[in-house]
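Note sheet for the following structure.
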Amino acid sequence: MDTYEHRVVGFFGRLPAKPHDLTDRITPADKCIVLCHLGVPIIPTERWRLTIGGLVGHELSLSWDDLLKLPKTTLISFHQCAGSPLDPHNPTQRVCNVQWGGTRLNDVLDRCGVDPAARFVWATGADSGSFSGVDCGAYTKDIPIGRLNDDVLLAYEMNGEPLPEAQGFPVRLVVPGFYGTNSVKWLTRIELARDRPQGPFTTLWYNELNEEGNATVPVWDVAPQSVIVSPAPERETAKDESITIWGWAWGDEPIQRVEVSTDAGLSWRDAQLEQPVGRGWRRFAIDWSPTNGGSVRLMSRAVAVSGRVQPLEGRRNAVYPVPVHVV
Ligand SMILES: Nc1nc2c(c(=O)[nH]1)N[C@H]1C(S)=C(S)[C@@H](COP(=O)(O)O)O[C@H]1N2
Ligand SMILES: [Mo]
């Protein structure tokens, strides 16, 4: 396999924007999350190739020019980091909303043909090295083949611009609805396989007990979640003054409603929830006129169509409380 010089060797990330900074529907690139376990490889487009192999009719190798000749799709999708694989239940709210541009993975797979025995799509990046004391080799993730909708992209644009280097230049996978960890950056290899890959990112990390506590599942689909953007934590608001509490809600499963509590979770009211825009996050809003003075914890919780609710604590999609002061 080709090896690449790295701009950064070892873990690299950007401090995530706080929820009250996520005021834009489409998050500007410099406020988006950045997370690189193994560093940042430098990949000139002239050298880049994507090979597609494993359980396919015939292997394919695409150059940058080949890729650009294929039809381009753009879509909006929320993009959320599952948090550190070493601390997976910590609710980090590392999230943004992005417009991606690229080629449908399905269009490329149609050209090489998929063997019916294939059950997983492996994706490997050009970055390699060690993470948390483990020599990882390359970064390889998988998605179940049933998840190969037309929204899975070989993306080369973020918000209308080429991908930034740390965010996968020149090409990354984007799997809308799945946690960011599955959207492999600096993508160089796609492989169809019967089983899950055996590297540390699919065995040692990024597997967890499901909510029912009865099975270990891969960290794939994003659980229902919401954050309050406004008011910001610790804001003062006047008694009897009406303010709008608003924020974003998202999840792999469609969200049916968002509830807001202005009494630390004792009672909940339905917020207004806008219609979905692609796979993007959705704005919710509710008016509130506090009648009593003092400190208050505002909360929002998303409810998915299945009835699955954002929990109060204990999981990465736990409710994000916002303390405010009524004066
Ligand atoms: N090749 C590669 N792809 C990767 C990673 C990585 O370390 N290497 N990190 C993953 C994780 S955990 C996340 S959250 C997203 C972050 O994407 P971003 O940096 O563009 O926001 O990339 C994913 N894709
Ligand atoms: Mo992540």
Side-chain angles (χ1 to χ4, degrees), residues 11 13 33 35-38 54-55 77-95 105 117-125 127-128 130-149 151-152 173-185 189-226 250-255 279 301-320:
F11 183 85
I33 53 174
L35 201 134
C36 314
H37 293 83
L38 308 173
L55 295 172
S77 159
F78 62 81
H79 177 53
Q80 182 180 15
C81 174
S84 168
L86 310 176
D87 186 13
H89 299 301
N90 185 4
T92 53
Q93 293 96 28
R94 285 185 202 161
V95 65
L105 176 56
R119 292 170 53 227
F120 298 92
V121 183
W122 300 7
T124 299
D127 50 332
S128 60
S130 52
F131 174 74
S132 179
V134 177
D135 187 1
C136 299
Y139 187 86
T140 298
K141 299 290 297 191
D142 63 344
I143 59 174
I145 197 141
R147 189 57 184 69
L148 269 188
N149 303 332
D151 61 2
V152 177
L173 195 67
V174 168
V175 188
F178 273 22
Y179 284 106
T181 175
N182 302 290
S183 289
V184 172
K185 303 191 275 189
R189 171 115 180 129
I190 295 278
E191 196 159 333
L192 286 101
R194 241 178 220 102
D195 302 302
R196 301 200 67 199
Q198 287 304 300
F201 295 101
T202 48
T203 55
L204 184 56
W205 304 304
Y206 295 108
N207 292 293
E208 64 191 8
L209 217 52
N210 62 6
E211 268 171 40
E212 296 74 33
N214 56 14
T216 297
V217 293
V219 178
W220 279 337
D221 51 300
V222 171
Q225 195 168 346
S226 64
W250 67 93
D252 187 42
E253 221 197 298
I255 302 300
R279 297 300 305 262
R301 67 179 182 194
V303 185
V305 288
S306 65
R308 191 172 170 197
V309 187
Q310 196 180 337
L312 280 177
E313 56 191 353
R315 294 193 70 92
R316 74 164 64 77
N317 63 327
V319 162
Y320 168 71

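Values reported hereafter were calculated over all heavy atoms of this structure, with side chains retained and with hydrogens, waters and symmetry mates removed.
When atom types are taken as modelled, the side chain of Trp220 and the backbone of Asp142 share a donor-acceptor pair closer than 3.5 angstrom. Side-chain N or O atoms of Tyr179 include none that pairs as donor or acceptor with a backbone N or O of Gly83 at under 3.5 Å. For Gln93 (side chain) and Tyr320 (main-chain N/O), no donor-acceptor pair under 3.5 Å exists by modelled atom type. Proximity of a side-chain donor or acceptor of Lys141 to a complementary backbone N or O of Gly125 within less than 3.5 Å is not detected. Remark: the backbone N or O of Val175 is paired with a side-chain donor or acceptor of Ser183 at under 3.5 angstrom. Without hydrogens or angle criteria, Arg119 side chain to Arg194 main chain gives a donor-acceptor distance under 3.5 Å.
Applying the side-chain contact (heavy atoms from CB on, under 4.5 Å) rule to Asn214 yields the partners Asn210, Glu212; only residues at least two apart in sequence or on another chain are considered. With sequence neighbours left out, Trp122 forms a ring-ring contact (aromatic ring centres under 6.0 Å, His included) with no residue at all. Residues meeting the ring-ring contact (aromatic ring centres under 6.0 Å, His included) test with Tyr206, sequence neighbours left out: His37. By the side chain to side chain donor-acceptor pair (under 3.5 Å) test, Gln80 is found to be paired with Gln225, Trp250, residues two or more places apart in sequence or in another chain being considered. Taking the side chain to side chain donor-acceptor pair (under 3.5 Å) definition, one finds that Arg94 meets it with nothing, sequence neighbours left out.
Residues Val184 and Thr124 fail the side-chain proximity criterion, which asks for heavy atoms closer than 4.5 Å. Between Asn317 and Pro224, some side-chain heavy-atom pair lies under the 4.5 Å cut-off. Two residues are said to be in side-chain contact when any heavy atoms from C-beta on lie closer than 4.5 Å; Arg147 and Asp252 meet this criterion. Contact check for Phe201 versus Cys136: side-chain heavy atoms found under the 4.5 Å cut-off. Counting only heavy atoms from C-beta outward, the side chains of Val219 and Pro88 never approach each other to under 4.5 Å. Annotation: side chain of Leu55 is not in contact with side chain of Phe120 (no heavy-atom distance under 4.5 Å). Under the 4.5 Å side-chain criterion, counting only non-hydrogen atoms from C-beta, Asp221 is not in contact with Glu253. Proximity of His79 to Ile33: side-chain heavy atoms (C-beta onward) are separated by under 4.5 Å at one or more points.
Shortest non-hydrogen contact noted between Gln310 and Ala318 is NE2-O, 3.5 Å. In terms of heavy-atom proximity, Ala82 sits nearest to Arg316 at O-NE, 2.7 Å. Annotation for Lys185 and Cys36: closest pair NZ-SG, 3.5 Å, computed over non-hydrogen atoms. Nearest heavy-atom pair across Pro176 and Val174 is CD-O, 3.4 Å. Between Gly177 and Phe78 the shortest heavy-atom distance is CA-CZ, 3.8 Å. The minimum heavy-atom distance between Leu38 and Gly137, with the atom names listed, is CD1-O, 3.7 Å.
In this structure, CG on Leu192 lies 7.5 Å from CG on Leu148, to the nearest 0.5 angstrom. To the nearest 0.5 Å, atom CG of residue Asn149 and atom CD1 of residue Ile143 are 9.0 Å apart. Within the model, atoms OG of Ser132 and CG of Leu204 stand 8.0 Å from one another, a figure rounded to the nearest 0.5 Å.
Applying the salt bridge (Lys or Arg N to Asp or Glu O under 4.0 Å) test to residues at least two apart or on different chains, none of the pairs has a partner in residues 79-90.
Side-chain contact of Asn207 with Arg196: a donor-acceptor pair under 3.5 Å is present, judged by distance alone.
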Query - Residues Thr140, Thr202; criterion side chain to side chain contact (heavy atoms under 4.5 Å, CB included); working and verdict - result: CA-CA 8 Å; Thr140 298; Thr202 48; 5.9 Å; no
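Between Trp205 and Phe131, the angle of the ring planes goes over 60°, which puts this pair in the perpendicular group of the 30/60° scheme.
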